[in-house]
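The first residue of the sequence shown is numbered 1, and numbering continues consecutively from there. The model shown is predicted, which means the values in this text are computed figures rather than measured ones. Atoms considered below: every heavy atom in the structure, side chains included; atoms not considered: hydrogens, waters and symmetry mates. Order of listing sets the numbers, starting from 1, for every ligand and every atom in it.
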Amino acid sequence: MLAPYTSWQVGGPAEYFYLPDNLEQLRGALAFVKSKKLPLTIIGGGSNLLISDAGIEGLTICLKNISGILVSEARGHRWVVEALAGTSKSELLKIFLKQKLSPSVFLAGLPGEIGGGVVMNAGVGEKITPREFVEITDWIEVMRFDGAVERISSEKLKWNYRHCEGWQPGIIVKISLSWKNEPDDSILVQAKAANQVRLSRQPLDFPSCGSVFVNPTGHKAALLIDTCGLKGYTFGKAQVSLKHANFIVNLGGATSAEILAVIQHVQNVVKEKTDVELNTEVIKLGRW
Ligand SMILES: Cc1cc2nc3c(=O)[nH]c(=O)nc-3n(C[C@H](O)[C@H](O)[C@H](O)COP(=O)(O)OP(=O)(O)OC[C@H]3O[C@@H](n4cnc5c(N)ncnc54)[C@H](O)[C@@H]3O)c2cc1C
């Protein structure tokens, strides 16, 4: 079952599942996929995924063991970090905190892995600098399906709100990130405060995937959902959080189908009452 690999704790079985420990094993898995003509699915930290109860066909690869910081050093006026894609964002946070550098503030409390952070251009809404992965990423390395690895500089990628394109097809395996090496003694306090805000606003006592819907241009998804009276809307064990209307929480034992039913209900009601369409930030995987 894939449920333990997702922050929502839902999702059925993978037809085949593999947790490679290094890039050679990953390359071997890609050769297997090619020889058997299997569909391939990649999961990182699983903190932005809705995996179907029916599970995923073909091979699912979880990258969490392909992790580690390879470089963390000053280069000229910048502090440079190179890491494998499965390294958790919290490891990256530790480095920037130790160096007292400002990326610590937006990274504080961000779940998932660095690779997933690039794919989703993860970040925060607050007007701080930096606030998204686009601002700290210098280059990525992508393993193509034939096993070859290609380096792509950040400028060649297309970065949008919670989305990054221009690297597919393949698997992001390594990332280089950097920021101005200008330590600021107040960074620890700022990062702690950012984490406190998260704790006070988000329903972190229940499994979730963070914000379910992208903010439509000119609107806040949470405000639209709240205004439509949907906070607390429950189907089975899935509920629009009472604390944060853009979170759907698993009250314990929810199924993916229940979560999807809540997502669709919210989209329908918001469209009907406000004429605004809500698109999901969360990524649906598997057979639906
Ligand atoms: C409580 C909570 C709070 C959150 N708060 C925020 C927030 O403030 N801001 C924010 O932006 N997000 C937030 N999120 C969402 C989520 O943490 C981010 O989107 C995160 O960057 C996803 O990373 P991941 O490793 O978990 O990716 P996954 O969820 O595993 O995958 C996301 C997508 O990336 C693909 N993918 C992952 N790794 C790779 C790789 N190495 N190569 C190719 N494809 C890959 C997957 O196939 C999938 O399509 C929150 C989630 C939770 C649970």
Only heavy atoms count here, so choose which of [options] is nearest to [atom].
{"atom": "atom 22 (C) of ligand 1", "options": "Gly170, Gly46, Ser47, Ala108", "value": "Ser47"}
{"atom": "atom 38 (N) of ligand 1", "options": "Ser211, Gly125, Gly116", "value": "Gly116"}
{"atom": "atom 6 (C) of ligand 1", "options": "Ile66, Leu110, Asn48, Ile51", "value": "Leu110"}
{"atom": "atom 10 (C) of ligand 1", "options": "Pro203, Gly210, Gly123", "value": "Gly123"}
{"atom": "atom 33 (C) of ligand 1", "options": "Leu63, Ile283, Thr60, Thr6", "value": "Ile283"}

List every atom of ligand 1 that sits less than 4.0 Å from any heavy atom of [X], numbering the atoms from 1 in the order shown and giving each element.
{"X": "Ala122", "answer": "11 (O), 21 (O)"}
{"X": "Met120", "answer": "19 (O)"}
{"X": "Leu204", "answer": "1 (C)"}
{"X": "Gln202", "answer": "3 (C)"}
{"X": "Gly117", "answer": "21 (O)"}

Practice task
Show your reasoning for whether side chain to side chain contact (heavy atoms under 4.5 Å, CB included) applies to Leu63 and Glu113.
Solution key: CA-CA 9 Å; Leu63 296 175; Glu113 299 172 356; 4.2 Å; yes
Problem - side chain to side chain contact (heavy atoms under 4.5 Å, CB included) partner of Ile172, chosen from Ile114, Val118, Ile152, Ile42 - result: Val118
Exercise for the section: Could you point out which residue of Leu278, Val270, Thr274, Asn279 forms a side chain to side chain contact (heavy atoms under 4.5 Å, CB included) with Pro216? Expected result: Leu278
Give the residue, atom name and distance (to 0.1 Å) of the protein heavy atom nearest [atom].
{"atom": "atom 20 (C) of ligand 1", "value": "Lys89 NZ, 3.2 Å"}
{"atom": "atom 12 (N) of ligand 1", "value": "Glu281 OE2, 4.0 Å"}
{"atom": "atom 8 (O) of ligand 1", "value": "Arg198 NH2, 2.9 Å"}
{"atom": "atom 4 (C) of ligand 1", "value": "Pro111 CD, 3.7 Å"}
{"atom": "atom 42 (N) of ligand 1", "value": "Ile172 N, 3.0 Å"}
{"atom": "atom 46 (C) of ligand 1", "value": "Ile42 O, 3.3 Å"}
{"atom": "atom 31 (O) of ligand 1", "value": "Leu49 CD2, 3.7 Å"}

Establish, from distance only, whether the side-chain atoms of [X] and [Y] form a donor-acceptor pair under 3.5 Å.
{"X": "Thr137", "Y": "Trp159", "answer": "no"}
{"X": "Gln190", "Y": "Ser186", "answer": "yes"}
{"X": "Ser102", "Y": "Trp179", "answer": "yes"}
{"X": "His163", "Y": "Glu165", "answer": "yes"}
{"X": "Asp53", "Y": "Ser256", "answer": "yes"}

Counting both backbone and side chain atoms, is some N or O of [X] under 3.5 Å from an N or O of ligand 1?
{"X": "Asn121", "result": "no"}
{"X": "Arg162", "result": "yes"}
{"X": "Glu113", "result": "yes"}
{"X": "Gly45", "result": "yes"}

Exercise for the section: Please state which part of Val119 comes within less than 4.0 Å of ligand 1, counting heavy atoms only: side chain, backbone, both or neither. Expected result: side chain
Handout entry: Part of Ala85 with heavy atoms under 4.0 Å of ligand 1, whether side chain, backbone, both or neither
Key = side chain
Practice task
Run the contact test for Trp167 against ligand 1 with a 4.0 Å cut-off on heavy atoms, strictly below, and give the result.
Solution key: yes
Practice task
Work out whether the distance between some heavy atom of Glu132 and some atom of ligand 1 is less than 4.0 Å.
Solution key: no
Handout entry: Beyond-backbone contact of Ser241 with Phe206, side-chain heavy atoms, under 4.5 angstrom
Key = no
Exercise for the section: Determine whether Ile61 and Ile43 make a side-chain contact, defined as any pair of heavy atoms from C-beta on separated by less than 4.5 Å. Expected result: no
Problem - Closest heavy-atom pair and its distance - Ala108, Ala191 - result: CB-O, 3.6 Å
Handout entry: Aromatic centroids of Phe32 and Tyr18 separated by under 6.0 Å
Key = no
Practice task
Look at the rings of His265 and Tyr233 and say which category their plane angle falls in: under 30° parallel, 30 to 60° tilted, over 60° perpendicular.
Solution key: parallel
Problem - Side-chain (Thr234) to main-chain (Gly232) donor-acceptor, under 3.5 angstrom - result: yes
Practice task
Using atom types as modelled and distance alone, determine if a side-chain donor or acceptor of Gln168 lies under 3.5 Å from a backbone N or O of Gly166.
Solution key: yes
